[in-house]
Engineer: 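Sharing a structure below in structure tokens format, with a few things to ask.
These values consider heavy atoms only, across backbone and side chains, with no hydrogens, waters or symmetry-generated copies. Residue indices begin at 1 and follow the sequence shown.
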Amino acid sequence: MSKTKPSQPIGIFDSGIGGLTVANAIVRELPNEELIYFGDTAHLPYGDKSADAIRYYCLRISKFLLDQGCKMIVVACNSASSVAYDVLLEFFREQALFVNVVDPLVAAAAEQNFSKVGYIATKATVRSGIYDKQLHRLQPTLQVESLATPLLAPMIEEGFVHNQASKAILDTYLSHPGFEAIEALLLACTHYPLIRTDIEAYFAHKVKIFDSTHIVAEEVARKLGQNDLLNPEKKRPHRFYVSDYTQSFEETTRLFYQESIQLEHYQIW
Ligand code: DGL
């Protein structure tokens, strides 16, 4: 870390283009930073993969981002943050700063002293039990209800949002009996900010919704600032790579990133 310079880029990755919701928030919070985004579209969705498979993908992608000279790597995927973050630190902590999307979300929710919260996530994230464990560590008496919602990420990735069918799927999930009387719902997948308004509407705005966009961007800013690594001036454009390219990914990126970007196919596998 000693030779790291503020002008180096921030690496950020997800299973696909869902992490662009986080990238978007980082660009807004830190307009001087240069991003290198990697979407592992060849292996999407991560939520259905084994923890070992996800760890292997994350190690390879992090190595690629470090080879591009990244000063920080943002693991912009809850499934990856849940099962691979410790391994990434073990291998690469000397080479760059790391940020995951679970810790900032847990900290923001635990700060509010709720008595019952819920979270929705992929199967891999729910299976890992990381949200339950970390929320209980900060707030031992908190009641935590979880639900795996595996149809949501592929549905959103297809651009299938804000229509009758997507709302029917969402309503079926959110009517989960365990979510009775929750005060807050954590969107523990980086795809879900795209359907945040539908979720707020389902709960008639009576349940506080947390997602990992600006909360994570603030954590990135805090960590870079703490390490004197905030870039004073952006000199190069952001770069966006995917491990498998289809036209539909290119079209859907606009949903996630709010402006059109060009995805480059990078053959990592
Ligand atoms: N965006 C990923 C997450 O936050 C989920 C999508 C997937 O299953 O690949 O967990």
Side-chain angles (χ1 to χ4, degrees), residues 1-44 46 54-104 190 212-213 216-231 233-244 249 253 256-257 261-269:
M1 284 297 302
S2 54
K3 283 183 265 132
T4 310
K5 293 194 291 292
S7 59
Q8 289 174 234
I10 298 174
I12 169 164
F13 73 91
D14 178 43
S15 57
I17 49 186
L20 288 172
T21 58
V22 183
N24 200 28
I26 294 173
V27 169
R28 275 158 198 266
E29 177 85 19
L30 299 165
N32 288 338
E33 297 298 331
E34 177 199 329
L35 298 190
I36 300 182
Y37 185 89
F38 191 90
D40 192 10
T41 46
H43 294 124
L44 183 81
Y46 275 9
I54 297 171
R55 282 186 201 116
Y56 173 68
Y57 305 150
C58 293
L59 284 167
R60 285 286 300 274
I61 295 164
S62 297
K63 169 83 171 59
F64 164 72
L65 292 170
L66 291 169
D67 288 346
Q68 307 294 310
C70 291
K71 62 185 171 185
M72 170 184 269
I73 293 183
V74 180
V75 185
C77 171
N78 281 267
S79 312
S81 295
S82 299
V83 302
Y85 188 65
D86 290 347
V87 181
L88 293 178
L89 289 184
E90 204 178 297
F91 275 77
F92 300 127
R93 62 155 41 103
E94 305 299 325
Q95 296 176 50
L97 298 171
F98 277 80
V99 169
N100 69 63
V101 287
V102 175
D103 295 341
T190 53
S212 49
T213 53
V216 174
E218 280 167 12
E219 175 64 10
V220 168
R222 194 190 61 74
K223 233 178 191 165
L224 287 177
Q226 223 172 38
N227 289 276
D228 293 324
L229 283 175
L230 284 164
N231 196 8
E233 194 193 351
K234 178 170 177 283
K235 295 212 170 101
R236 282 167 301 183
H238 305 304
R239 277 169 282 163
F240 300 89
Y241 297 106
V242 285
S243 53
D244 188 24
F249 284 132
T253 50
F256 288 90
Y257 196 66
I261 49 177
Q262 210 185 336
L263 298 176
E264 275 178 59
H265 182 200
Y266 187 91
Q267 211 139 11
I268 196 171
W269 311 112

Engineer: SG/C58 to CZ/F91 distance, rounded to the nearest 0.5 angstrom?
Structural biologist: 12.0 Å
Engineer: Determine the minimum heavy-atom distance between I54 and S79, stating which atoms define it.
Structural biologist: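 The answer is CG2-O, 4.3 Å.
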Engineer: Sequence neighbours left out, what pairs pass salt bridge (Lys or Arg N to Asp or Glu O under 4.0 Å) with at least one residue falling in residues 9-33?
Structural biologist: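 Sorted result for residues 9-33: E33-K71.
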Engineer: If we only count heavy atoms from C-beta on, is the V99 to K223 side-chain gap below 4.5 Å?
Structural biologist: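 Yes, their side chains come closer than 4.5 Å.
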Engineer: Is the shortest side-chain heavy-atom distance between L20 and I261 below 4.5 Å?
Structural biologist: yes
Engineer: Among L30, N32, V220, exactly one meets side-chain contact (heavy atoms from CB on, under 4.5 Å) together with L230. Which residue is that?
Structural biologist: L30
Engineer: For a 4.5 angstrom cut-off between non-hydrogen side-chain atoms, does V27 reach L35?
Structural biologist: yes
Engineer: Check whether any side-chain heavy atom of V242 lies under 4.5 Å from a side-chain heavy atom of F249, and answer yes or no.
Structural biologist: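 A side-chain contact under 4.5 Å is absent here.
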Engineer: Between V101 and V75, is any pair of side-chain heavy atoms under 4.5 Å apart?
Structural biologist: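 Answer no - side chains too far apart.
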Engineer: Can D244 and T41 be counted as having a side-chain donor-acceptor contact under 3.5 angstrom?
Structural biologist: no
Engineer: Are any of the side-chain heavy atoms of L59 and K63 separated by less than 4.5 Å?
Structural biologist: no
Engineer: Please list, chain by chain and in numerical order, all residues satisfying salt bridge (Lys or Arg N to Asp or Glu O under 4.0 Å) with D228, sequence neighbours excluded.
Structural biologist: none
Engineer: Output yes when a side-chain donor or acceptor of T21 lies under 3.5 Å from a complementary backbone atom of T190, and no otherwise.
Structural biologist: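 Checked: pair present.
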Engineer: Quick one: CZ on F98 to CD1 on I73, what's the gap to the nearest 0.5 Å?
Structural biologist: 4.0 Å
Engineer: E34 and side-chain hydrogen bond (donor to acceptor under 3.5 Å, both in side chains): which partner among K234, K235, R236?
Structural biologist: R236
Engineer: Please report the interatomic distance SG(C70) to CD1(I36), rounded to the nearest 0.5 Å.
Structural biologist: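 The distance works out to 4.0 Å.
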Engineer: Is any side-chain heavy atom of I10 closer than 4.5 Å to one of L224?
Structural biologist: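 Yes; the side chains approach each other to less than 4.5 Å.
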Engineer: Main chain of Y241, side chain of H265: is a donor-acceptor contact present, judged purely on distance under 3.5 Å?
Structural biologist: no
Engineer: Rounded to the nearest 0.5 Å, how far does CE of M72 lie from CD of Q95?
Structural biologist: 15.0 Å
Engineer: Under the ring-ring contact (aromatic ring centres under 6.0 Å, His included) rule, what pairs show up with a residue in residues 3-32, not counting sequence neighbours?
Structural biologist: none
Engineer: Could you report the tightest heavy-atom contact between F256 and G18, atom names first, then the distance?
Structural biologist: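 For F256 and G18, the tightest heavy-atom pair comes out as CE2-CA, 3.4 Å.
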Engineer: Nearest 0.5 angstrom please: I17 CD1 to T253 OG1, how far?
Structural biologist: 6.0 Å
Engineer: Taking all heavy atoms of S81 and all of N100, pick out the closest pair and write down the distance.
Structural biologist: OG-CB, 3.5 Å
Engineer: Does I268 offer a backbone N or O that forms a donor-acceptor pair with the side chain of S243 under 3.5 Å?
Structural biologist: no
Engineer: Can you tell me how far apart CH2 (W269) and OH (Y56) are? Round to the nearest 0.5 Å.
Structural biologist: 5.5 Å
Engineer: Hey, mind stepping through Y37 and Y257 against ring-ring contact (aromatic ring centres under 6.0 Å, His included) and telling me if it holds?
Structural biologist: CA-CA 12 Å; Y37 185 89; Y257 196 66; 8.2 Å; no
Engineer: Between V216 and S212, what is the shortest heavy-atom contact and its length?
Structural biologist: CG2-O, 3.5 Å
Engineer: Take a 6.0 Å sphere around CD of Q226 and say whether it holds more than 12 heavy atoms from other residues, nucleotides or ligands.
Structural biologist: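 Check passes, neighbour count above 12.
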